[in-house]
Amino acid sequence: MHLVMAIKLKRIILLFGLVVMNGGFGQELPRTYKAPEFDLEWRKPTNHPDRIVLSYGEDPATSASVTWRTTAEIDTAYAEIAIATAAPKFWRNAKTLKAVTNTFDATNINGAEVLANYHSVWFTDLQSNTTYAYRVGDGKRWSEWIQFKTAPKENKDKFSFLYVGDTQNFILELWSRLIREGYRKAPDAKFIVHAGDLVNNAHNEQQWQEWFDAGGWIHASIGAFPIPGNHEYQNLSPEATGRSLSAQWEHQFTLPENGPEGLEETAYYMDYQNMRIIGLNSNTDHEKQAEWVDKVFSETDKEWKVVTFHHPLFSASDGRDNKEWRELMKPIFDKHKVDLVLQGHDHSYARGRVSPNENVLDGVNMRDKTGTVYVVSVSGGKMYGLRKNAWDGYDAERDRAAENTQLFQVISIEDDRLSFESYTAVGELYDAFDLVKKEGLPNEFVERNSEAIAERRFSNTIPYQDPLPKELEQLVLSKYPGFQVSRVTFVNDKEFTGYKVRLDKGEERKELSLDVNGKILD
């Protein structure tokens, strides 16, 4: 009996990563993360509307769209919309609009394996600066009434929007807290910029379900402004010769179709009050988009110009330089005096700016003048290290950076002032600055980092990588002189308890498995 209890106790110790003594090493084993498992039925559509997402048209004062999903059995669907009032029967003034219904047959796409109908409606001829309520359904099964507010027409009053970098991994587990904290911090945000990599595997239904569940009703009530990242592109099958845009993308987002031909709903723009914001698809057709951006900015008199895309012009992380993209797009942004560029991809945070390339003779220090401000941010749980030499060699200056930190950004514009604030997932102010328009001069730059918390790095935050005990590290490196440990993953499952270790020496790489005593198993 005592022997059986001892065996059970040993198993419990191994399972939960408590202190064990093996081979003379006293180790506290790392805690292993138990990822949630999802039943297949969890992501399947039903006859009731789900995945409801709101977006705006080119003119958000007068147009908006809604998209939702059901089973393929629901082949006719509707949206109802009315001006919202405090009277509960505001619906008496509603209009009923028949939806455009498209069948999404992904039964043969690995990772998707679903048959569903997507329904979409454009709400047009709306009144500006007005709160509307809408619901969607098939005439019997309806969603709740959901409210949104159209933009004012030609108004310089304050408005705010949210911007998030890559979601990608641990979507339901970790991105949910981030996007909900963003809503808590900016409940009046008008829309959300999603700077690519909303999921990790482009066609994966579970990951898209996680994205919709994590945001919940936020997706349905605050307009989405998404652009695709590299993880929104993937082969449709092992036999496919090229990567394809997420099979779900055009079905589940209804976006302005005012972009370059062939890039509809992946490159587009919107005019919100005194701002023009352009979303680009940095995965493809760069030259075509460069010509289009030049044209679209040439045609506007909007005071503020903002651009978002996935691959940064000035990378935050090592080994991810996008030189050709930078050399193509930066001169256009400089020409049109773009104020702010919002990017993702690098799984860390960096904010900096370029010179306005003008002689300033008004007595104000050039440090207080700026050209375009560039930001890279990450909202999900996957983290990379920062570029070791900041933005040296980029002809740009990096002012603020972070590692190992989930962040969201609140951007507010009021007349001639843009205020940028970046917050951690627990609501701490991490970065802040203002841009102030000066007639005939570059933007005045107001640094506000004195309001923010100290910079965060891997070295002063909870470790992201699993640690390898010093004794084991010394043992491994003594057997492989000249190598350095570049990655450690602790595994604790039925088949194996120990460390997966990657060693690098120049271009040479070795992948090892070690048990908790330091014995190399392969």
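Just so you know, these numbers use all the heavy atoms, side chains as well, and skip hydrogens, waters and symmetry mates.
Phe212 and Trp208 have tilted rings, their planes meeting at an angle from 30° to 60° on a 0 to 90° scale. Between Phe333 and Tyr374, the two ring planes are tilted [angle within 30° to 60°].
Neither side chain, Tyr78 nor Glu80, offers a donor N or O lying under 3.5 Å from an acceptor on the other. Under 3.5 Å, the side chains of Tyr269 and Glu58 contain a donor-acceptor pair of N or O atoms. A donor atom on one side chain and an acceptor atom on the other are not found under 3.5 Å apart for Asn155 and Asn129. With 3.5 Å as the limit, one finds no donor-acceptor pair spanning the side chains of Tyr430 and Arg456. With 3.5 Å as the limit, one finds a donor-acceptor pair spanning the side chains of Asp197 and His310. Remark: the Ser348 side chain and the Ser317 side chain contain an N/O donor-acceptor pair separated by less than 3.5 Å. At a cut-off of 3.5 Å, with distance as the only test, a side-chain donor of Glu210 or Gln206 sits close to an acceptor on the other residue.
Using a 4.0 Å cut-off between charged nitrogen and carboxylate oxygen, Asp321 and Arg387 do not count as a salt-bridge pair. Residues Arg400 and Glu447 are not paired through a salt bridge, judged by the lack of any N-O separation under 4.0 Å between the basic side chain and the carboxylate. Ion pairing between a basic and an acidic side chain is recognised when a charged N comes within 4.0 Å of a carboxylate O; Glu303 and Lys156 show such pairing. Salt-bridge check for Glu299 with Lys295: passed, with a basic side-chain N closer than 4.0 Å to an acidic carboxylate O. In summary, Arg398 and Glu455 do not engage in a salt bridge, as defined by a charged side-chain N under 4.0 Å from a carboxylate O.
Taking CE of Met383 as the reference point, atom CG of Asp346 lies at 12.5 Å (rounded to 0.5 Å). The distance from atom CD1 of Ile411 to atom CZ of Phe191, rounded to the nearest 0.5 Å, is 8.0 Å.
Pairing each heavy atom of Leu263 with each of Gln289, the nearest pair is CD1-CG, 3.5 Å. The two residues Ala99 and Trp68 have their closest heavy-atom pair at CB-CH2, 3.7 Å.
Other residues, nucleotides and ligands place more than 12 heavy atoms under 6.0 Å from the CZ atom of Arg448. Within 6.0 Å of CG on Asn389 lie more than 12 heavy atoms contributed by other residues, nucleotides or ligands.
Cation-pi geometry between Arg353 and Phe445 is met: under 6.0 angstrom from the ring centre, within 45 degrees of the axis. Note that Arg320 lies outside the cation-pi zone of Tyr384, set by a 6.0 Å cut-off to the ring centre and a 45° limit from the axis.
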Using the salt bridge (Lys or Arg N to Asp or Glu O under 4.0 Å) rule, take Asp415 and Lys437 through it: C-alpha gap first, then chi angles, then the decisive distance, then the call. CA-CA 9 Å; Asp415 196 2; Lys437 290 285 181 187; over 6 Å; no

